[in-house]
Protein chains: 2
Amino acid sequence: MGRVLDVTAGQPRADAAPEVGGRGVRMPRRERREQLLESALGVFVAQGYHAAAMDDIAERAGVSKPVLYQHFPGKLDLYLALLEVAADDVIANCRDALSSTQDNRTRVEAAMGVFYSYVADAAGAFRLVFESDLTSEPAVRAQVDRVTSECADLIAAVIANDTDLPQAEARLLAVSLVGMAQVSARFWLVEHGDDESGIGLEVASALVSGLAWRGIRGYPMHD
Amino acid sequence: MGRVLDVTAGQPRADAAPEVGGRGVRMPRRERREQLLESALGVFVAQGYHAAAMDDIAERAGVSKPVLYQHFPGKLDLYLALLEVAADDVIANCRDALSSTQDNRTRVEAAMGVFYSYVADAAGAFRLVFESDLTSEPAVRAQVDRVTSECADLIAAVIANDTDLPQAEARLLAVSLVGMAQVSARFWLVEHGDDESGIGLEVASALVSGLAWRGIRGYPMHD
DNA sequence: TGCGGATGCCGATCTTGACGTCCATGGGGT
DNA sequence: ACCCCATGGACGTCAAGATCGGCATCCGCA
């Protein structure tokens with residue numbers, strides 16, 4: 001019976017132009033690994049972990065399955081490699097945004113911009129973090145949670161530094177802000193991402209930043 | 001090779017006491033269906049869609065697999081039945097919360113409480129909505145998105161009614177509030193849910209409500 | 001310049017694991 | 001006591017992850 005999960009099938013696959021280094025082309029290991037990661041990212045982003053077949057990834061990369069297995073022990077390892085990079089990326093950007101200024105309002109705007117830019121990125125790596133379909137695997141869960149957790153820690157440190165809120169409460173507020181950012185950014189992408197007539201990235205980010213800042217600014221400053 | 005996703009394996013399965021109506025017991029169709037749904041919910045919540053086997057569900061319900069297939073055409077249908085109920089549930093509660101008062105601050109608190117109660121519910125149905133591992137299936141995606149979308153619509157209607165914000169912007173703010181609620185509630189559950197020494201549900205909900213209210217209250221009232 | 005060996009890649013295959021059905025059976029109704 | 005039918009253990013099927021024999025390519029050497 002047709003239980004096929006043939007979701008994003010209709011989209012124009014890049015099969016016709018298999019990046020560089022198509023079928024049967026010798027290539028340095030390092031460069032080939034990069035290409036495999038890139039292809040895998042595309043497939044995982046488009047189809048999710050479960051629906052993505054190793055055949056798909058190999059085909060998109062223009063190689064056969066054995067070569068894929070020469071570079072990665074298994075499907076999970078490949079996925080985790082991508083996920084870890086994607087997680088590190090947004091966390092580092094969040095850290096940079098918070099340390100780029102001393103003004104808290106500007107901090108909020110910069111951090112919000114990080115999430116909106118992340119979501120708007122053409123590669124779509126954010127889907128691995130925010131829309132993973134392998135959360136039952138503990139290693140995946142750890143990476144996904146790490147993003148919210150570490151971003152929240154960075155924000156909570158700022159909050160705890162400027163207010164008299166207990167650490168745990170500052171952390172909960174920080175998580176709330178992160179949640180606001182990631183959920184609203186994802187919805188913005190769905191509704192306005194490709195549409196020039198809708199709300200632009202900058203406008204949306206500024207709007208939600210305003211909400212966040214109005215919420216957080218009122219807490220009692222200490223000293 | 002051990003690619004087992006044996007996550008929540010250690011927990012005390014209710015196998016010893018297979019609910020009511022164990023092996024080989026005749027039962028009215030309607031009641032049996034209810035029991036199958038209940039068992040399926042437990043398995044899907046504990047293991048996720050992919051790791052959950054139909055055998056597991058049948059075994060937990062104390063019936064054999066053919067009986068399961070007499071009530072549901074397939075695994076996906078079973079999952080969707082549960083998901084739809086879980087989605088309707090939180091949406092209805094959100095609607096009730098917003099219509100339970102005319103005071104917007106109280107509305108925020110009530111709506112926030114809905115999400116925290118939902119997440120704290122022992123059955124764990126919220127995992128189907130907020131942590132589904134079948135988002136590549138369009139029907140699932142539709143239900144999951146429906147929760148955020150419809151809750152946000154309800155909130156956006158209130159916002160648009162009381163301010164001069166354009167519809168689209170009110171909606172984006174509403175989505176932000178929903179995101180704040182669901183992400184913070186889930187993190188609260190992980191960090192403080194089973195821990196009496198941490199932040200209690202009421203305290204956490206009130207804290208995040210405060211953040212939300214401070215954020216949203218400042219927007220210019222119309223008329 | 002022509003040939004032999006080695007290297008490494010591709011097509012075809014195997015295996016596993018889980019969804020979705022078939023033959024014996026046992027209890028209930030008349 | 002006998003027939004009927006729901007039930008359950010056993011099974012087929014299939015998709016997808018993970019591997020093996022041919023073969024083309026490239027390099028070194030006479």
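Each chain gets a letter, A, B and so on, in the order the sequences are listed, and its residues count up from 1.
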* To do: Starting at atom CG of B:L78, determine the distance to atom P of C:dC19, rounded to an integer number of angstrom.
  => 11 Å
* Structure fact -> Here the salt bridge (Lys or Arg N to Asp or Glu O under 4.0 Å) pairs for residues 173-201 of chain A, sequence neighbours left out, are A:E131-A:R186, A:E191-B:R171
* Structure fact -> Distance col, row B:C151:SG vs B:R95:CZ, nearest 0.5 angstrom, shows 9.0 Å
* Asked: Closest to the B:Y69 side chain: C:dC9, D:dG8, C:dT21?
  -> C:dT21
* To do: Figure out the CD/P separation between A:Q47 and D:dA16, and round it to whole Å.
  => 10 Å
* Structure fact -> In whole angstroms, the gap separating P of C:dA18 from NZ of B:K65 amounts to 10 Å
* Asked: Nearest-Å distance, CG (A:L68) to P (C:dG8)?
  -> 18 Å
* Asked: Quick one: A:K75 NZ to D:dA15 P, roughly how many Å, whole number?
  -> 15 Å
* Asked: Roughly, in whole Å, what's the span from NE2 in A:H71 to P in D:dA18?
  -> 16 Å
* Structure fact -> Winner on side-chain proximity to A:V67, out of C:dC9, D:dG8, D:dG17, is C:dC9
* Give the rounded distance in Å between these two atoms: OH of B:Y49 and P of C:dA18. => 13 Å
* To do: Starting at atom CG of B:D55, determine the distance to atom P of C:dC19, rounded to an integer number of angstrom.
  => 6 Å
* **Contact nearer the 5' end of DNA chain D, comparing A:P66 with A:A53** => A:A53
* Check: B:S184/B:Y116 side-chain N/O donor and acceptor closer than 3.5 Å -> yes
* Consider the side chain of B:V63, meaning its heavy atoms from C-beta on, and name the nucleotide among D:dG8, C:dC19, D:dA18 that approaches it most closely. => D:dG8
* Asked: So, B:S132 versus B:Y79: side-chain donor-acceptor pair below 3.5 Å or not?
  -> yes
* **Selected nucleotide, minimal atom distance to B:Q70 side chain, candidates D:dG17, D:dT7, C:dC9** => D:dT7
